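Here's the structure we're looking at; comments come further down.
These numbers come from a predicted model, not from an experiment.
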Amino acid sequence: MCKHILNAQVSIRSPCCRQWFDCAHCHAESQDHELKPTMEMVFACKKCKKCFRKDMNEFEESDEFCPFCDNHFVIEAKEPKPRLEVEGDDVRKDARMIKDDRLKGREEFTIWDDEGEAARLG
């Protein structure tokens, strides 16, 4: 699983060390050499788990799909973005942190409250 590209559809075999990576950043983090540029790429589809080759000199629009399962692997990459959130417990277990100001509860009165008491008691 790649931490740089969240929706990677294929793994790529690097031509230099013959290992599988999801992106060039993963190769740079784990290897001590640079990625060798090549025009013939070897892919492994993550949907059907089959490998195939593509020549980038003759790459067409129909080559954006896996030849075995028609999985569209050339898509816009989703990269993780930093977010600022309040950490708390799981809301499904404890919803005390969630406060909806739109719903205001009825004011509860006791028998000791004298404000408007005569109107309520009759």
Side-chain angles (χ1 to χ4, degrees):
M1 186 101 179
C2 180
K3 66 179 180 181
H4 306 104
I5 300 174
L6 301 177
N7 61 342
Q9 300 292 312
V10 291
S11 292
I12 304 167
R13 187 174 183 195
S14 66
C16 49
C17 56
R18 306 240 186 250
Q19 292 182 3
W20 294 95
F21 299 99
D22 287 340
C23 70
H25 298 292
C26 292
H27 180 273
E29 284 181 357
S30 64
Q31 303 298 319
D32 57 353
H33 59 274
E34 289 188 22
L35 185 62
K36 179 182 169 186
T38 183
M39 292 310 287
E40 185 172 312
M41 305 287 289
V42 180
F43 299 104
C45 180
K46 290 188 175 186
K47 186 175 181 184
C48 67
K49 310 285 191 249
K50 293 186 180 179
C51 299
F52 55 95
R53 293 179 188 269
K54 295 284 182 183
D55 187 7
M56 293 297 135
N57 291 324
E58 302 170 1
F59 197 81
E60 299 174 357
E61 188 175 329
S62 63
D63 292 330
E64 295 181 355
F65 297 89
C66 172
F68 300 105
C69 69
D70 289 334
N71 182 24
H72 192 211
F73 66 90
V74 180
I75 57 177
E76 185 176 344
K78 290 184 183 176
E79 298 176 350
K81 294 181 176 82
R83 296 187 305 179
L84 181 62
E85 293 182 349
V86 176
E87 287 190 29
D89 292 334
D90 190 1
V91 176
R92 294 170 289 184
K93 295 179 187 173
D94 186 13
R96 286 183 291 175
M97 288 182 61
I98 297 175
K99 181 181 177 186
D100 191 0
D101 291 329
R102 296 174 297 170
L103 304 174
K104 295 192 178 195
R106 235 177 39 145
E107 289 185 28
E108 297 294 328
F109 293 100
T110 64
I111 59 170
W112 306 111
D113 293 334
D114 62 350
E115 193 174 314
E117 189 71 27
R120 281 197 307 275
L121 295 178

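Residues Cys66 and Phe52 are in side-chain contact: their nearest non-hydrogen atoms beyond the backbone lie under 4.5 Å apart.
The two atoms that bring Ser30 and Cys26 nearest to each other are OG-O, 3.1 Å, heavy atoms only.
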For residues 8-19, which side-chain donor-acceptor pairs fall under 3.5 Å, sequence neighbours excluded?
from  : atom 1 : to    : atom 2 : distance (Å)
Gln9  : OE1    : Asn71 : ND2    : 3.2
Gln9  : NE2    : Asn7  : O      : 3.2
Ser11 : OG     : Asp22 : OD1    : 2.9
Ser14 : OG     : Gln19 : O      : 3.4
Gln19 : OE1    : Gln31 : NE2    : 2.9

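Lys47 pairs by the salt bridge (Lys or Arg N to Asp or Glu O under 4.0 Å) definition with nothing, not counting sequence neighbours. Annotation: side-chain hydrogen bond (donor to acceptor under 3.5 Å, both in side chains) contacts of His25 (sequence neighbours excluded): none. Listed by chain and number, the residues in a ring-ring contact (aromatic ring centres under 6.0 Å, His included) with Phe65 are His72 (sequence neighbours excluded). Applying the ring-ring contact (aromatic ring centres under 6.0 Å, His included) rule to Phe21 yields the partners His27; only residues at least two apart in sequence or on another chain are considered. Remark: Glu40 engages Arg53 in a salt bridge (Lys or Arg N to Asp or Glu O under 4.0 Å) (not counting sequence neighbours). With sequence neighbours excluded, no residue forms a side-chain contact (heavy atoms from CB on, under 4.5 Å) with Glu34.
By the criterion of side-chain heavy atoms lying less than 4.5 angstrom apart, applied directly or through intervening Ile, Leu, Val, Met, Phe, Trp or Tyr residues, Met41 is grouped together with Met39 in one hydrophobic cluster. Residue Phe73 is grouped with residue Phe68 when hydrophobic side chains (ILVMFWY) are merged at heavy-atom distances under 4.5 angstrom, including chains of intermediate members.
Screening residues 54-71 for salt bridge (Lys or Arg N to Asp or Glu O under 4.0 Å), with sequence neighbours left out, gives Lys54-Asp63.
Rounded to the nearest 0.5 Å, atoms SG (Cys23) and CD (Glu79) are 9.0 Å apart.
Trp20 forms part of a hydrophobic cluster together with Val42, judged by ILVMFWY side-chain heavy-atom separations under 4.5 Å. Here Leu6 sits alone; no ILVMFWY side chain lies under 4.5 Å from its own, so it joins no hydrophobic cluster.
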